[in-house]
Participant: 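Following this message is one structure expressed as structure tokens.
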Protein chains: 2
Amino acid sequence: MFSKACEYGIRATVQIALQSEKGLRIGLKEISNAIDSPEPFTAKILQQLAKNDIIISSKGPTGGYEMSSNQLSTIMLSDIVKTLDCDLIYTGCGLGLATCDAKNPCVLHFQFDDIREQLKKMLENTSIQQLARSRESGDTLLRL
Amino acid sequence: MFSKACEYGIRATVQIALQSEKGLRIGLKEISNAIDSPEPFTAKILQQLAKNDIIISSKGPTGGYEMSSNQLSTIMLSDIVKTLDCDLIYTGCGLGLATCDAKNPCVLHFQFDDIREQLKKMLENTSIQQLARSRESGDTLLRL
DNA sequence: TAAATAAAGGACAAAATTATCTTTTATTTT
DNA sequence: AAAATAAAAGATAATTTTGTCCTTTATTTA
Ligand code: FES
Ligand code: FES
């Protein structure tokens, strides 16, 4: 469904959010450890997320990654997916045709579009903070 | 969403169904032409579909691919996706964790599972024949 | 200001997916 | 039976995605 980059990106961002809610920064090593991801690959992903103002990075000692309270309250899953997966899910044809267009639909268009709309809604309505908090409260061992 | 192999597989199968409804076989070259796919890659995919009894292949002159009337009436999109994409959509964790398990869910599990169930239903309720016929009637330029 | 720390950036490598090419096997027609 | 046809099978190649390594840049602390 999502690329590896996107999967790691979501998991990493939730981890960052989790620390930011406590007012703490978290470094690359800790993130990779926490979410069990390859460290240098994760670094690349975090760079992209920082460039797109989804997280904030700081260099030097005490440096690391964090999210502003504004980011915490506004960043949605869809922002991460769009950044890392080039919103292909949003615009591409389910059968791989060059364009997806309701005026010139493929045989699967209407079925596919229905699912895509629901996925879209889910991604746009799920905030990182929400995921972090569900982890935090952790009634049911919500993993990362 | 789907792999290229799966996209070509669906498009090719619909094309075969379209001919089979007219009682005709169709060869690899014609299929690749019709759906605009790389010929040898398409051949590999058709081999897999034939092995899994989704289509029937015959060698020699007048050979080619076809679907039995039984296949035409029973094969669903889900059969093709399972064959070519190893039902990852069906069983894998949306965040890429090793397992997806409601008893030990990831932070996205319940949101993701909801979408997945709907996708599953769509794939299991959409037959190849249905797609072929919508193409055939073609009120709205339904592409392949 | 120097040393230490941590991310950024760029080059490189491995793996997986997609795509191609060649030879073999099965079937039909002559 | 021989020739022609078309898919199967297997080897090979290109591309994309994933993953690693090394050097540079920015920041903090001593
Ligand atoms: S045209 Fe294929 S999904 Fe829209
Ligand atoms: S555990 Fe992640 S989607 Fe089910």
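In what follows, chains are A, B, ... by sequence order, proteins preceding strands, each numbered from 1. As the structure is a prediction and not an experimental result, all values here were calculated from the model. Any value given below was found using the heavy atoms of this structure, including those in side chains, with hydrogens, waters and symmetry copies removed.
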Participant: Ignoring backbone atoms, establish whether Tyr65(B) has a side-chain N or O less than 4.0 Å from OP1 or OP2 of dA8(D).
Facilitator: yes
Participant: Can you see which heavy atom on Thr126(A) is nearest to which on Gln111(B), and at what distance?
Facilitator: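 Thr126(A) and Gln111(B) have their closest heavy atoms at CG2-NE2, 3.7 Å.
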Participant: Take the protein atom CG of Asn33(B) and the nucleotide atom P of dA6(D), then report the distance between them rounded to whole Å.
Facilitator: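 Those two atoms, CG and P, are 14 Å apart.
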Participant: If you count every heavy atom of other residues, nucleotides or ligands that lies below 6.0 Å from Asp36(B) atom CG, does the total exceed 12?
Facilitator: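 No, the 6.0 Å shell around CG holds no more than 12 heavy atoms from other groups.
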Participant: Can Lys4(B) and Glu7(B) be counted as an ion pair, charged N to O under 4.0 angstrom?
Facilitator: yes
Participant: Return the value, rounded to whole Å, for the distance between atom CD of Glu39(B) and atom P of dA6(D).
Facilitator: 11 Å
Participant: As a test of reading the structure: which of dT27(D), dA8(D), dA8(C) is closest to the side chain of Ala50(A), going by heavy atoms?
Facilitator: dA8(C)
Participant: Specify the residue among Lys4(A) and Lys59(A) whose closest nucleotide of DNA chain D lies further upstream toward the 5′ end.
Facilitator: Lys4(A)
Participant: Considering only heavy atoms, which members of residues 41-49 of chain A lie under 4.0 Å from some atom of DNA chain C?
Facilitator: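 Listed by number, they are Lys44(A), Gln47(A).
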Participant: Are any of Tyr8(B)'s side-chain N or O atoms less than 4.0 Å away from OP1 or OP2 of dT18(C)?
Facilitator: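 No, outside the criterion.
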Participant: Name the closest nucleotide to the Thr62(A) side chain, picking from dT29(D), dT18(C), dC21(D).
Facilitator: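 Closest nucleotide among those given: dT29(D).
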Participant: Quick one: pull up CG in Leu123(B) and NZ in Lys82(B) and give me the separation to the nearest 0.5 Å.
Facilitator: 9.5 Å
Participant: Quick one: is Ser58(A) getting a side-chain N or O under 4.0 Å of the dA6(C) phosphate, OP1 or OP2?
Facilitator: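 It does not, given that no N or O in the side chain of Ser58(A) lies less than 4.0 Å from OP1 or OP2 of dA6(C).
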Participant: Can you see which heavy atom on Leu18(B) is nearest to which on Ala132(B), and at what distance?
Facilitator: CD1-O, 3.2 Å
Participant: Specify the separation, in whole Å, of atom NZ of Lys51(B) and atom P of dA7(D).
Facilitator: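 From Lys51(B) NZ to dA7(D) P: 16 Å.
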Participant: Taking any heavy-atom pair under 4.0 Å as a contact, classify Pro38(B): base, sugar-phosphate, or nothing.
Facilitator: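 Sugar-phosphate only.
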Participant: Tell me if a side-chain donor or acceptor on Arg135(B) pairs with a main-chain N or O of Leu144(B) at a distance below 3.5 Å.
Facilitator: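 It does not hold such a pair.
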Participant: Quick one: Ile31(A) CD1 to dA8(C) P, roughly how many Å, whole number?
Facilitator: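 Rounded to whole Å, this separation is 10 Å.
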